[in-house]
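A short worksheet on the structure shown next.
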Amino acid sequence: MLALALAHVGALPSFAADPAKTLHVGFSIAETSFDPPFASDAASDSIIANVFDTMLDYDYLARPVKLVPRALEAMPTVEDNGKSYLCPVRKGVYFTPDPAFKGKRRELTAGDFAYAFKRLLDPAVKSPWLWLIEGKIEGGDAARQQALKTGHFDYDAPIAGLEVVDRYTLRIRLVAPDLRFPYVLAVPNISAQAREVVEAYGADIGAHPVGTGPYMLGEYKRSTRIVLDANPGYRETTYVPAGPIPPSSEPVAAALKGKRLPQNARVEISVIEEGQARWLAFLKREIDFLDIVPVEFIPEALDAQGKLKASLASRGIVHDVLLRPNTWWVYFNMEDPVVGGYSREKIALRRAIAMGYDNAEAIRVLLKGRAIPANGPIPPDIAGYDPNLRTEAQIYDPAFSRALLDRFGYKDRDGDGYRETPDGKPLTIERWSTPNSASREGDELWKKNMDAIGIRIVVKKDRVPELRKMARLGKIPMRGDGWNADYPDAENFMQLLYGPSGPENNARFNLPQFNVLYEKARTLPDSPERTKLFDEMTQLVIAYAPWRMTYHILEDSLRHPWIGAYVPHPIRSQWWQYIDVDAAMRAAAH
């Protein structure tokens, strides 16, 4: 059993963080929804993680990362060799007030977590997080199938795998043992929700988050400005490390000792999608954090060795670097009539495109060197990552790419410099990206590379929330995207290519051989045997090329000197409740 990281000394009727302390941050993308089971972008999930409570969380400073209780009294009791988990919900935790509660104080119960799981199963919610529990919860799939048949999910019908033992105890029964299941309990998108709130707001629930976390939604102007206010009824919480912390984090732990969380009364978030605007907002002290330095301003921030430039350091600005477990790629929609399909000539086309793309130039020029090449779906520091993996099918080789296209009948028959399909029809590749300056540079590189191998490529654009909606509907033939680890396991990345996994499988890859390997890996404990299965899955991805692997990004973040008690976390981002703002220093700087 893991030790407690958060010391809770009972729930207080009222708590007010220091009203002088306001944290100002900027989002590079707009939110899509604050409804936990529906949202899946970093902006929305950051709000969700601060407004709602999960059963478990990660300790803020412990390394390697460690799970700890959040809304539970203690870690779940593992039963039946990992087939069942008994979860004791903390007593005296309350939702923030909402008209749906009709003036009554609403306590968090085990039933609220059972309801959260059921919402993932409900087909009407269209949750991209279904893969977390699909095929795992006893009776869960049957309940979902019944809903698909009747057009209505019965939230009152019992599900064997979600047993509300009593008001504060939930037993989760799985179809098969899964020793990694506790990671699921720390994913913010399975946070506790009050059923009466969801039903009161209906289709507009995404704009009305009501949770039990350290913050609550204050002002909200969609896609522009989000303000979080400290939850006045938040339970008494102080930070106590649950495991070993690196020496570099010891001053942060000391600064947090005995401090009531959250420390700031407000978090003001501005949606600033253009990199130049975010950079200027940081320099002008309008935002306190630059979570990720816009790539076009890396030369302004860092020297050739990747160190903070003296001109910024002299202002007290602090530079943090993190290689978060992340992977970026370009996906091809396997159901698209042009780039999709499993026939030899379609595989050859995707491989040729992959080998025609100069990924090294992308890292050097577009990312200013702040990334390492990816040779598979699994990132560094995750079991299954192999830095020596040979991936000839995706190495930049335009001469081989042209030869491969010729061999499979993609030839320039009319002499216009661009190839046609094997049956003589025009060949045009459609790629989607975002309307900002960094993306435009990427578009230009793709066009230059594709022109060099004789493939006509056209670029279409939209904002990230719209692109995600289109991708979930299978309407995007080709696009670059990436994934930060929800939990430290290769399964979290391979699920993006698992056929039945649904909306987040933007490539629509559905290869039976891959699916069988994935399903087998889910049942095994961490072991060389399990890692070998991930190796085999990686080889299939390389062979069929639903993705062109690109890189693992280094995250360079900057913060002003009045921001203290901050350490970037490999899995969780936006630990706003721990951050301290020196309001006097900030005021003096302005």
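Starting from 1, each residue takes its place in the sequence as its number.
With a 6.0 Å radius and a threshold of 12 heavy atoms from other residues, nucleotides or ligands, Lys411 has its NZ atom at or below the threshold. Dense packing is recorded around CD of Glu361, with more than 12 heavy atoms of other residues, nucleotides or ligands lying under 6.0 Å away. The number of heavy-atom neighbours closer than 6.0 Å to NZ of Lys309, taken from other residues, nucleotides and ligands shown, is above 12. The number of heavy atoms from other shown groups lying within 6.0 Å of OH (Tyr544) does not exceed 12. The environment of Arg364 atom CZ is dense: over 12 non-hydrogen atoms of other residues, nucleotides or ligands sit within 6.0 angstrom.
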>> Between Ser557 and Leu322, does the side-chain contact (heavy atoms from CB on, under 4.5 Å) criterion hold? Intermediate values first, please.
In response: CA-CA 8 Å; Ser557 61; Leu322 175 67; over 6 Å; no

> Passes salt bridge (Lys or Arg N to Asp or Glu O under 4.0 Å), Arg468 versus Asp41? Steps please.
Replying inline: CA-CA 9 Å; Arg468 293 198 184 282; Asp41 60 276; 5.5 Å; no

> Can Asn449 and Ile457 be said to form a side-chain contact (heavy atoms from CB on, under 4.5 Å), step by step?
Replying inline: CA-CA 10 Å; Asn449 287 167; Ile457 188 168; over 6 Å; no

> Hey, mind stepping through Arg472 and Glu504 against salt bridge (Lys or Arg N to Asp or Glu O under 4.0 Å) and telling me if it holds?
Replying inline: CA-CA 7 Å; Arg472 289 178 178 178; Glu504 293 309 304; 3.3 Å; yes

>> Between Tyr498 and Glu519, is the side chain to side chain donor-acceptor pair (under 3.5 Å) condition met? List the steps.
In response: CA-CA 9 Å; Tyr498 176 55; Glu519 289 161 2; 2.6 Å; yes

> Does the salt bridge (Lys or Arg N to Asp or Glu O under 4.0 Å) test come out yes or no for Glu466 and Lys469, once each step is laid out?
Replying inline: CA-CA 5 Å; Glu466 295 306 314; Lys469 291 176 187 176; 3.4 Å; yes

> Phe297 and Leu290: side-chain contact (heavy atoms from CB on, under 4.5 Å), yes or no, with the steps?
Replying inline: CA-CA 11 Å; Phe297 290 96; Leu290 202 53; over 6 Å; no

> Hey, mind stepping through Leu67 and Leu185 against side-chain contact (heavy atoms from CB on, under 4.5 Å) and telling me if it holds?
Replying inline: CA-CA 10 Å; Leu67 286 173; Leu185 305 182; over 6 Å; no

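Closest heavy-atom contact between His319 and Gly306: CE1-O, 3.4 Å. When every heavy atom of Asn510 is checked against every heavy atom of Asn515, the shortest pair comes out as OD1-ND2, 2.8 Å. The shortest heavy-atom contact between Pro380 and Ile372 is CG-CD1, 3.7 Å. Pairing each heavy atom of Gln193 with each of Pro37, the nearest pair is OE1-CD, 3.4 Å. Across Ser249 and Val567, no two heavy atoms sit closer than the pair OG-CG2, 3.8 Å. Scanning all heavy atoms of the two residues, the minimum distance from Ala371 to Ile363 falls at O-CG2, 3.7 Å.
With hydrogens and angles left out, the side-chain atoms of Asp486 and Asn492 include a donor and acceptor closer than 3.5 Å. For the residue pair Glu529/Ser527, the side-chain donor-acceptor check at 3.5 Å is not satisfied. Inspection of the Gln574 and Asp45 side chains reveals no N or O donor paired with an N or O acceptor under 3.5 Å. No side-chain N or O of Gln394 forms a donor-acceptor pair with one of Tyr357 less than 3.5 Å apart.
A side-chain donor-acceptor contact under 3.5 Å links Asn189 to the backbone of Ala39. Judged purely by atom type and a 3.5 angstrom limit, Arg548 has no side-chain atom pairing as donor or acceptor with the backbone of Gly480. No donor-acceptor pair closer than 3.5 Å links the side chain of Thr531 to the backbone N or O of Ala383. Checking side-chain atoms of Lys346 against main-chain N and O of Pro337 turns up a donor-acceptor pair under 3.5 Å. Looking at Trp279, its side chain never comes within 3.5 Å of a backbone N or O of Glu274 through a donor-acceptor pair. Not a single donor-acceptor pair under 3.5 Å links the side chain of Arg70 to the backbone N or O of Asp57. In this structure, Asp412 contributes its side chain and Gly417 its backbone to a donor-acceptor pair below 3.5 Å. Judged by distance alone, with hydrogens and angles left aside, the side-chain atoms of Asn375 form a donor-acceptor pair with the main-chain N or O of Asp386 at under 3.5 Å. At distances below 3.5 Å, not a single donor-acceptor pair connects side-chain atoms of Tyr342 with backbone N or O atoms of Met334. A donor-acceptor pair is defined here as one N or O able to donate and one able to accept, closer than 3.5 Å; such a pair exists between the side chain of Ser127 and the backbone of Trp129.
We find the CD-CG distance between Glu555 and Asn484 to be 5.5 Å, quoted to the nearest 0.5 Å. With rounding to the nearest 0.5 Å, the separation of CG in Leu497 from CH2 in Trp547 is 4.0 Å. One distance of note links OH of Tyr183 with CG of Leu56; it measures 11.0 Å at 0.5 Å rounding. With values rounded to the nearest 0.5 angstrom, Ile133 atom CD1 is found 11.5 Å from Lys118 atom NZ. Note: Leu405 CG to Ile455 CD1 = 5.0 Å, rounded to the nearest 0.5 Å. A distance of 10.0 Å separates CG in Leu302 from NZ in Lys307, rounded to the nearest 0.5 Å.
For the pair Arg456 and Tyr418, the distance from NZ or CZ to the six-membered ring centre is under 6.0 Å and the angle to the ring normal is within 45 degrees.
Aromatic ring pairs are classed by plane angle as parallel below 30°, tilted from 30° to 60° and perpendicular above 60°; the pair Tyr385 and His552 is perpendicular. Ring planes of Trp575 and Tyr60: tilted class, angle from 30 to 60°.
Using a cut-off of 4.0 Å between Lys/Arg side-chain N and Asp/Glu carboxylate O, Lys520 and Glu536 are scored as not salt-bridged. At a threshold of 4.0 Å, the pair Asp443-Lys447 does not count as salt-bridged, since none of the basic side-chain nitrogens sits closer than that to a carboxylate oxygen.
Between Val458 and Arg431, the closest side-chain pair of non-hydrogen atoms is not below 4.5 Å. No side-chain heavy atom of Phe38 sits under 4.5 Å from any side-chain heavy atom of Arg119. Taking 4.5 Å as the limit, every side-chain heavy atom of Phe27 sits out of range of all side-chain heavy atoms of Arg278. Counting only heavy atoms from C-beta outward, the side chains of Phe332 and Ile353 approach each other to under 4.5 Å. The shortest side-chain heavy-atom distance between Ile137 and Leu174 falls under the 4.5 Å cut-off. Residues Thr538 and Pro377 form a side-chain contact, since some pair of their non-hydrogen atoms from C-beta on lies under 4.5 Å apart. Using a 4.5 Å cut-off on side-chain heavy atoms (C-beta onward), Pro177 and Thr523 make no contact. Using a 4.5 Å heavy-atom threshold, the side chains of Pro525 and Arg530 count as separate.
The distance between the ring centers of Tyr566 and Phe289 falls below 6.0 angstrom.
Applying salt bridge (Lys or Arg N to Asp or Glu O under 4.0 Å) to Glu430 and the options Arg479, Lys460, Lys461, Lys475 leaves one that passes, Lys460.
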